[in-house]
Amino acid sequence: MTDILADTIAAIATPPGSGGIGVIRISGPEARRIADNLFRPTTPRPTFSSRRLYHGHIRRPDDGSVVDEALMAFMPGPHSYTGEDVVEIQAHAGAVVLREILSLVMDGGARLAEPGEFTKRSYLNGRMDLSQAEAVIDVIQARTETALRLAAGQLQGKTATVTHLVREQVLEVLARLEAGIDFPEDVADILDVSDTCMRLRQGVIRRLEEVLDGYRRGHLLREGLRLVILGRPNVGKSSLLNRFLEKDRAIVTDQPGTTRDSIEETLNLSGLPVILVDTAGWRQTDDPVEKIGVSRIKPLVDGADLVLFLTDAATGILPEDEAVYAEVKGKPCILVANKIDLPGAAAQTAAPAHWRTAAAVSVSVKEDLGMDRLRGEILSFATGGGRSFGDGVVPNLRQKNLFEQALAAVSDGMEGLTQGLPWELVAIDFKSALDALDAIVGVTVKTDVLDEIFSRFCIGK
Ligand code: GDP
């Protein structure tokens, strides 16, 4: 662990492209010396105080020529982001300028940082636990305000706090079990089975279940709710899509994997990212069978979290609607009866008895009627009935798997206790629960897991 911290790393910490300022970050034992060689303060001074910005110039050490005007800040370890000596140079954000400064820094003895290496060092130096380090990525990648609020909560240590609370209780039970193994004659005094199980149910099982529920909800926030609009031709699918895009289009830079010409659009529905699968491609065919698009519906529906099933309120449900509905196959579905502005449109469209719909909303996409109710139903589906996002612990997939392991192990342990199994066996369950909890905050994590986590960062973070 120590040798990977021995060298000094550097990277451009701001995104590529031109802009007002670009930041070069240097961290490690040589950071200060390297910066001293390049940076000439406007007012000469013998030493730089920590956490102050100094104005000056970056000069090439060989001929003293100026590369750029810059500000420099020195943040000595251990109270810096990485826990090491950190220097940040703010220069003009042009690709050539920043690359030249970076290469001078590297000539001075630093090596290029790997993705996430600054944050990894922060974790290795004990500045944050692993769940907080992971939250740094989530803050950077947050697509909506709510997702950001969640990530910020994790960054402040919410996951760590609940993990420690649960861990304490598991540890206490484990300590008692081990004492009972050492002093078998005193087991009755050492641990009361029914009392212990009751406390575990309240303090551990219930908490872990809450955390796992948070995962389910947070998953939608991170990944977005995948929404597919289905319906026979001419019910208004494109019009609905356009209505959403016009009002709710998320202003985000493209995520990796989604490009301009992809068939997915990200919406921001009151803080909930919604990935609307655009079926434009197959709406434009002239083939009558393909026109309904039944053959192409299946993969879309398979990948969706929710289907918006559009019908025409003026015609009511037709056999063609039934044909398309057959492809929904049990996916959660909101019935949307469109065109209520037309004369003769039914105010309420009841779904046929065998349709399973989570809600039914009547709208006129054209006249913009009922659209807020529709948005409300989508949100309420995602939040499980109006509970708000942003509170509590929302683990990521890695943490969720470990919380699940801990939950299963504690449940097994309680069962073993109740059945009167030998405490040596029961202790194994509680130990594996403890291991899982420790891995969440990074007390015990294998190097390859760490590498995987930090490789998801961008360079310079
Ligand atoms: P798609 O084939 O399902 O994508 O349907 P379109 O979005 O292309 O709409 C088919 C026709 O219905 C178009 O002429 C739309 O202008 C019209 N339409 C869509 N929504 C409404 C609505 O709410 N009221 C009325 N009166 N017409 C609508």
Side-chain angles (χ1 to χ4, degrees), residues 225-250 258 260-267 269 274-329 331-352 355-379 381:
L225 175 85
R226 294 184 70 85
L227 196 67
V228 172
I229 302 176
L230 288 190
R232 65 179 164 81
N234 274 325
V235 285
K237 295 183 296 296
S238 334
S239 312
L240 181 63
L241 179 81
N242 290 332
R243 193 49 98 190
F244 277 132
L245 293 182
E246 168 193 307
K247 287 250 174 94
D248 308 290
R249 175 177 250 142
T258 67
R260 272 283 105 233
D261 56 8
S262 94
I263 54 158
E264 294 178 4
E265 295 279 357
T266 309
L267 305 180
L269 273 195
V274 172
I275 300 151
L276 196 58
V277 183
D278 180 1
T279 51
W282 51 265
R283 277 199 303 270
Q284 282 156 7
T285 166
D286 288 330
D287 178 331
V289 180
E290 273 298 288
K291 212 162 182 189
I292 298 184
V294 168
S295 64
R296 312 215 193 164
I297 291 176
K298 194 179 175 319
L300 296 179
V301 172
D302 283 348
D305 296 305
L306 179 65
V307 173
L308 293 188
F309 195 86
L310 231 63
T311 61
D312 183 332
T315 65
I317 310 276
L318 302 180
E320 289 95 316
D321 293 309
E322 290 278 3
V324 181
Y325 182 81
E327 300 303 312
V328 175
K329 292 206 183 82
K331 270 280 164 182
C333 170
I334 295 179
L335 176 65
V336 185
N338 187 28
K339 310 196 188 181
I340 52 166
D341 58 289
L342 286 181
Q348 293 287 322
T349 299
W355 290 20
R356 292 221 316 272
T357 50
V361 189
S362 298
V363 301
S364 163
V365 174
K366 192 171 157 204
E367 304 292 330
D368 204 4
L369 299 173
M371 289 299 295
D372 284 339
R373 246 206 84 207
L374 178 57
R375 290 186 182 88
E377 291 292 352
I378 296 170
L379 272 178
F381 168 80

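Count residues from 1 along the sequence. All ligand and atom numbering here is 1-based and tracks the order in the structure. Side chains included, hydrogens not; waters and symmetry mates left out as well; all remaining heavy atoms used.
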Check against side-chain contact (heavy atoms from CB on, under 4.5 Å), Met371 and Leu240: CA-CA 9 Å; Met371 289 299 295; Leu240 181 63; 3.6 Å; yes
Ring geometry between Phe309 and Trp355 (parallel below 30°, tilted from 30 to 60°, perpendicular above 60°):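 Rings of Trp355 and Phe309: perpendicular, as their planes differ by over 60°.
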Ligand 1 N/O within reach of Pro233 N/O, cut-off under 3.5 Å: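 No, since none of the N or O atoms of Pro233 sits under 3.5 Å from an N or O of ligand 1.
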Numbered atoms of ligand 1 (with element) below 4.0 Å of Leu342, judged on heavy atoms: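 Every atom of ligand 1 under 4.0 Å from some heavy atom of Leu342: 26 (N).
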Side chain, backbone, both or neither: Asn338 near ligand 1, heavy atoms under 4.0 Å: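 For Asn338, the contact with ligand 1 is made by the side chain alone.
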For ligand 1, the portion of Asp341 having any non-hydrogen atom under 4.0 Å away: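 The answer is the side chain of Asp341.
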Closest to atom 7 (O) of ligand 1 among Ser239, Ser364, Ala314 (heavy-atom distance):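 Heavy atom nearest to atom 7 (O) of ligand 1 belongs to Ser239.
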Option nearest atom 11 (C) of ligand 1 (shortest heavy-atom distance, choices Asn234, Val235, Asp368, Leu310):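 Shortest heavy-atom distance from atom 11 (C) of ligand 1: Asn234.
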Whether Lys331 side chain and Ala304 backbone form a donor-acceptor pair below 3.5 Å: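 Here the side-chain-to-backbone pair exists.
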Pair Ser238, Arg243: side-chain N/O donor-acceptor within cut-off below 3.5 Å: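 No, no side-chain donor-acceptor contact under 3.5 Å.
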Salt bridge Lys339-Asp312, side-chain N to carboxylate O under 4.0 Å: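 Here Lys339 pairs with Asp312 in a salt bridge, since their nearest N and O are under 4.0 Å apart.
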